[in-house]
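Accompanying notes for the structure given below.
Letters A, B, ... mirror the listed sequences (proteins, then strands); counts begin at 1.
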Amino acid sequence: MADWKSTLNLPTTSFPMKANLQVAEPQMLARWDAIGLYRKLRDRRRGAPVFYLHDGPPYANGNVHLGTALNKILKDVVVRSRSMAGFDAPYVPGWDCHGLPIELKLLKELGPKAREMSVAGLRRACREYAGRYVDIQREQFKRLGVLGDWGDPYLTMDYRYQAAIVRALGTFVERGMVYKGKKPVHWCIHCRTALAEAEVEYEDHASPSIYVEFPLGAEGSAALASRFPGLEGRRVSALIWTTTPWTIPANLALAFHPDAVYAVCPVDGRAVIVAEALVEGLSAALGRPFEEPVARVPGTAFEGLKFRHPLYERDSVGVLADYVTLDTGTGIVHTAPGHGSEDFQTGVKYGLDIYAPVAADGRFTSDVERVAGLTVFEANPVVEAALGEAGALWKTESFSHAYPHCWRCRNPVIFLATSQWFIAMDDTGLRRQAIAETRRVRWVPEWGGDRMRSMVETRPDWCISRQRTWGVPIPALTCSSCGEAVLTAGLVERAAAVFERDGAEAWYERPVADFVPEGLACPSCGGTAFERERDILDVWFDSGSSHEAILVVHPELHWPPDLYLEGTDQYRGWFQSSMLVALGTRGRAPYDQVLTHGMVVSEDGTKMSKSLGNDVPPDEVIRKTGAEILRLWVASVDFREEVRFGSEILARVVEAYRKLRNTLRILAANLSDFDPAAHMVPPQAMDEVDRYAMARYGEFASRVLTAYDEYDYPAIFQALNAFVAVDLSAFYVDVSKDRLYTLAPGSRGRRSAQTAMFAIADGLARLIAPILPVLADEYWASLPGEREESVHLAEFPTRVELFRDAELVARWSRLLKLRAAVNAELERLRQAKAIGQSLEAAVHLRGTGALADLIASYRDELPGLFITSQVDGETDAPSAGAEPEAGAIYREDEHSAVHIVAERAAGVKCERCWRYVPAVSSDPEREGVCPRCEAVLAAAR
RNA sequence: GGGCCUGUAGCUCAGCUGGUUAGAGCACACGCUUGAUAAGCGUGGGGUCACUAGUUCAAAUCUAGUCAGGCCCA
């Protein structure tokens, strides 16, 4: 038998079926580096409209985790797709380098040595550490395929950046928005230092637990009695519960819940206020019988009433607070604004003094009667005794609970109001402006605007100072004679100039005189001797200045950036700090659009964390399946909500990648002898099936381009899967094989198919490039024709909508439905072992109505369409309703139907094209070949 | 505990302003193929649209509550 196979135009390509991404990806990355892809792209797009995504700086500590990978990949897809849409889309990555986590890490690493180091020395160690992690993360981000200006990123610890931060602060100072005030922080009286939340460890601790009575003043009693007659003539008092007796001397208020109802119950001759819901329990706990209430009073009635402090000659005012709970205590919360976080908020709200008569060593100041000179813990029993003497102590016992301890010395810590720097939210309308800006910015998803607004509306003044080392110093001075804090625009600029040249370490190493502008005098006492401020700026101020600071390093970028893209956790973080800083420096938001993505959760939808042991490091995924798979996963999920990740999800993504890759491969393999410059067939000369494929491609490409514009990547993923699997692989490629393989290489029919396949392959390479940059570029290189050296320098296909042809598609979708019905019949034969492949079948169609016309007009195409050897069609009404003796009826609508009968094809099999024909050649040279193949072979001679 | 968000087949997603038997791709099952072959094709099964009430002639789609989960805050 002759070897007819060698006379076919079988597909061939160097594009491998197996991706081997572990090898291919690093190679491709190296190639992009070698050709200077990022710079080339910038050059290529110079002068085009700009689209600037401003990178939010990840923290320079630890390895990249899945959440960071999701964020960076999304940004890369956005930037690449904008670039391919013709924009000049620069991407300058950044890192957040200052801050507590790095400082703590070093303190732990250095151990006792840290205490001997100078501030500047410790800072240099932090700088070195941060630099190391910048390098590590940079490599990890590059490995993900993220294209950007990796050679020149922005770092918040850059000298120029540090100067820009200080200058940004200066704009607030200049406008009088920065003030010094008090705020309680965790404080270790043993180490005499402020502690951050991360430095506090909660351990069980036995505290004294006391119930204390605060009598209502005469004025208040009268006011209350006028509304609640049952109180007439009674001595009314409020009962509170606390586990920190030492804070009683600093009590300034009693907090009630605005929605709670309080009962006033006679107990031992007086009337006591407690939450109604707690009366019974308290009566038992205190061992005192509470009589039936003489009045029921809503919490709101107590607002502004003056109670009397049980120990000192002063009032304690009634206030309202939502955090008051009704499951423990009395429903009335003792409030000392200088010694509690919530107390502070309430104090600020009601304009109370932030009173904290306790020094850094934890001792009461000398002006506090009874406890002066005692430490707070020593004061506990003294306060209890005094309350007992005053007849205000109802009960005391020991109470065990989780209590904050210093991570270093293990001693219990306290809340202590300390001096801090603030940016005022309301004095100069910052809050109002911010709210107005949230209405102008476009938030994706839309509810982001509401979320942002409600946060801005309720947030307190911005506390911008931290008592730490690794950060940008607040360039303020303290008057040596009167202690007044001084912060002026001149001071700020002076420091900025130094930082710019020598870095912020200079603040700690230079003589203070270097920072004092000529002629500066204390505004309070006129003194001219100063000491430097030791506080640093909140690191959120650092990163919040990035839109400004980046311009110092990259003056080519414009302001404002177009887009911010971060996780939803940044509404309170970076989105807000950036907004506030920008309002200070420029009076508007630093972005026009904010896109947010959800957090990565595990496959069952629960939190992913290292401590739970269900986190997956991205490099593990990269090692196993490649970064392209991770990128395709990112594109496949609806990132606006939390996104799930797990082994099954990953397996599905791998499947999609494989299907895509193989389909791309078969297209390329059929184009191995195709030269677009010479072989393209004009549309009017193309086979209709090829024009149909082009029309479907046009629909697909339009959809994808729209989706890129709308950041709707899951739509792209779904459309891509469907187009590749259904339109191309299962239909177009399958039905085109006969023409491609068996016709003469240069025949019109074959070139027609190749023309369509070439356009589709070329378009697919461009369309997938932002998501799968390695696959796209590898594929790009395997396609024929003149092209850019990288698909990433090219643009998306243009005018794809011109390929669309709704009329053609509608007609063919009818043919495809008919094809599905035929396939069902063929399957019956196959299951009955009557046939194997579909070419062994013949199909008889008896149509009626519109279907009969359709069949008649596509008579010649149908065998190819069905991939059967024979199809005959006749117009004849199929017996309406009655079951046919054989085959099946496919009904398009009530007027048109077709009776389908499939059977084993008659005739003989052509050994070359495998179709069954009436007769094959007996010519010894062409034995077993059908007439059509014979002609092809003859022409090839 | 509060603010915001989410809950459609095993997985990832569609289902517009409420309207016929809820769709797609993948996975799965059963065949076919061996001229895309560590590939390809065909057929098929699979969902009480988280749950419960309600509005409506009609709800996956609107309202309320419950449960489960996420982010931020307390």
Side-chain angles (χ1 to χ4, degrees), chain A residues 4-6 8-13 15 17-18 321-327 341-342 345 445 447-455 457-459 567-573 576 596-608 632-633 635-638 640-644 646-656 658-659 661-670 712-726 729-731 733-735 737-738 740-742 819-820 822-833 835-840 867 912-914:
Chain A
W4 300 122
K5 185 168 170 175
S6 63
L8 297 171
N9 320 301
L10 290 180
T12 170
T13 176
F15 185 78
M17 178 178 286
K18 198 163 183 312
D322 289 330
Y323 56 79
V324 174
T325 60
L326 298 178
D327 42 26
S341 186
E342 293 174 323
Q345 306 281 354
W447 49 258
D450 294 332
R451 182 160 178 182
M452 186 74 176
R453 219 167 293 124
S454 78
M455 283 180 176
E457 274 163 3
T458 56
R459 69 159 296 152
T568 53
D569 52 338
Q570 296 305 329
Y571 284 109
R572 183 161 294 272
Q576 207 175 126
T596 60
H597 59 81
M599 302 290 123
V600 180
V601 296
S602 63
E603 200 146 22
D604 63 0
T606 58
K607 192 187 177 72
M608 206 179 243
L632 191 54
W633 164 71
S636 76
V637 297
D638 182 359
R640 297 168 202 82
E641 310 166 12
E642 63 262 33
V643 295
R644 296 181 185 223
S647 56
E648 165 153 22
I649 292 167
L650 202 60
R652 297 292 83 85
V653 175
V654 169
E655 277 311 310
R658 201 186 294 148
K659 185 71 182 184
R661 186 175 182 97
N662 278 324
T663 307
L664 291 174
R665 180 168 176 270
I666 189 66
L667 294 180
N670 278 312
D712 190 359
Y713 307 128
I716 295 174
F717 180 77
Q718 303 287 340
L720 182 66
N721 287 341
F723 181 64
V724 161
V726 180
S729 185
F731 176 66
V733 172
D734 213 27
V735 301
K737 285 174 184 170
D738 181 62
L740 288 164
Y741 298 173
T742 67
R819 181 177 191 259
V822 168
N823 273 334
E825 276 308 291
L826 295 179
E827 184 64 17
R828 267 172 48 174
L829 287 187
R830 199 173 285 133
Q831 297 284 348
K833 303 290 176 197
I835 60 164
Q837 52 179 322
S838 54
L839 277 177
E840 291 166 22
I867 319 184
R912 184 169 176 273
C913 72
W914 292 350

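Evaluation of atom-type donor-acceptor distances gives a pair under 3.5 Å for the side chain of Gln718(A) against the base of rU12(B). Judged by atom type and distance alone, Arg640(A) does not reach the base of rC5(B) through any side-chain donor-acceptor pair under 3.5 Å. The base of rG70(B) has none of its N or O atoms less than 3.5 Å from a complementary donor or acceptor on the side chain of Glu642(A).
Remark: Gln837(A) is in phosphate contact with rU34(B), judged by side-chain N or O atoms under 4.0 Å from OP1 or OP2. Look at Lys18(A) and you won't find any side-chain N or O under 4.0 angstrom from OP1 or OP2 of rA39(B). Residue Ser729(A) has a polar side-chain atom (N or O) positioned under 4.0 Å from OP1 or OP2 of rC41(B). An OP1 or OP2 oxygen of rA24(B) is reached within less than 4.0 angstrom by no side-chain nitrogen or oxygen of Arg652(A). Under 4.0 angstrom from either OP1 or OP2 of rG40(B) there lies no side-chain N or O belonging to Lys737(A). Contact annotation: Lys659(A) does not reach the phosphate of rA36(B) (side-chain N/O to OP1 or OP2, under 4.0 Å).
Contacts of Trp914(A) with the nucleic acid, taken as non-hydrogen atoms under 4.0 Å apart, include base atoms. Using a 4.0 Å heavy-atom distance criterion, Asp450(A) is classed as making no nucleic acid contact. If you check every strand for non-hydrogen atoms under 4.0 Å, Arg658(A) touches sugar and phosphate atoms only. Using a 4.0 Å heavy-atom criterion, one finds that Val724(A) contacts no nucleic acid atom at all. Within the nucleic acid shown, Asp638(A) comes within 4.0 Å of sugar-phosphate atoms alone, with no base atom in reach, counting heavy atoms only. Residue Glu603(A) is out of contact with every strand shown, counting any heavy-atom pair closer than 4.0 Å. As judged by a 4.0 angstrom heavy-atom cut-off over every strand, Gly598(A) is placed among residues making no nucleic acid contact. Across all strands shown, Arg451(A) has heavy atoms under 4.0 Å from base atoms, whether or not it also approaches the sugar-phosphate. Arg459(A) comes within 4.0 angstrom of no nucleic acid atom, judged by non-hydrogen atoms across all strands. Residue Leu8(A) is classed as a base contact, given a heavy-atom separation below 4.0 Å to a base.
Annotation: rA74(B) and rA22(B) have their P atoms spaced 48 Å apart (nearest Å). Separation of the C1' atoms belonging to rG15(B) and rG23(B) is 7 Å when rounded to the nearest angstrom. Comparing the C1' positions of rG25(B) and rG18(B) gives a spacing of 28 Å, expressed to the nearest Å. One C1' atom belongs to rU8(B), the other to rA60(B), and the distance between them is 7 Å to the nearest Å. Nucleotides rC41(B) and rC5(B) are separated by 44 Å at their C1' atoms, to the nearest Å. If you take atom C1' in rA9(B) and the same atom in rG54(B), they sit 28 Å apart, rounded to whole Å. Using atom C1' as the reference point in both rG46(B) and rA59(B), the two lie 24 Å apart (nearest Å). Across rC16(B) and rU52(B), the matching C1' atoms stand 28 Å from one another, rounded to whole Å.
Looking at which nucleotide of RNA chain B each of Gly605(A) and Pro11(A) is closest to, the 5′-most match is held by Pro11(A). The residue among Asn823(A) and Ala656(A) whose nearest nucleotide of RNA chain B lies closer to the 5′ end is Ala656(A).
Taking OG of Ser636(A) as the start and CG of Leu720(A) as the end, the distance is 11.5 Å to the nearest 0.5 Å. With rounding to the nearest 0.5 Å, the separation of CZ in Arg828(A) from CG in Asn823(A) is 13.5 Å.
Figure legend. rG25(B) is base-paired to rC11(B); pairs are counted as Watson-Crick or G-U wobble with both atom distances under 3.5 Å. The partner of rC4(B) is rG70(B), by the rule that a Watson-Crick or G-U pair needs both atom distances under 3.5 Å. In this entry rA64(B) has rU52(B) as its Watson-Crick or G-U wobble partner, both defining distances falling under 3.5 Å. Pair check for rA39(B) finds none; no Watson-Crick or G-U wobble contact set falls under 3.5 Å. rG45(B): no Watson-Crick or G-U partner with both key distances under 3.5 Å is found in any strand.
Under the stacking criterion of a centre-to-centre distance below 5.5 angstrom and an interplanar angle below 30°, Tyr323(A) is not stacked against the six-membered ring of rG1(B).
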### Task
Report the C-alpha separation of His597(A) and Val643(A) in whole Å, then their side-chain angles, then the decisive distance to 0.1 Å, and conclude whether the side-chain contact (heavy atoms from CB on, under 4.5 Å) test is met.
CA-CA 9 Å; His597(A) 59 81; Val643(A) 295; over 6 Å; no
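Side-chain contact between Lys737(A) and Pro11(A) is absent, with no heavy atoms from C-beta onward closer than 4.5 Å.
Residue Thr742(A) places its side chain closer to rG35(B) than to any other of rC71(B), rG35(B), rC72(B).
Using a 4.0 Å cut-off between a side-chain N of Lys or Arg and a carboxylate O of Asp or Glu, Arg453(A) and Glu457(A) do not qualify as a salt bridge.
With a 6.0 Å cutoff to the six-membered ring centre and a 45° limit on the axis angle, Arg661(A) counts as a cation-pi contact of Phe15(A).
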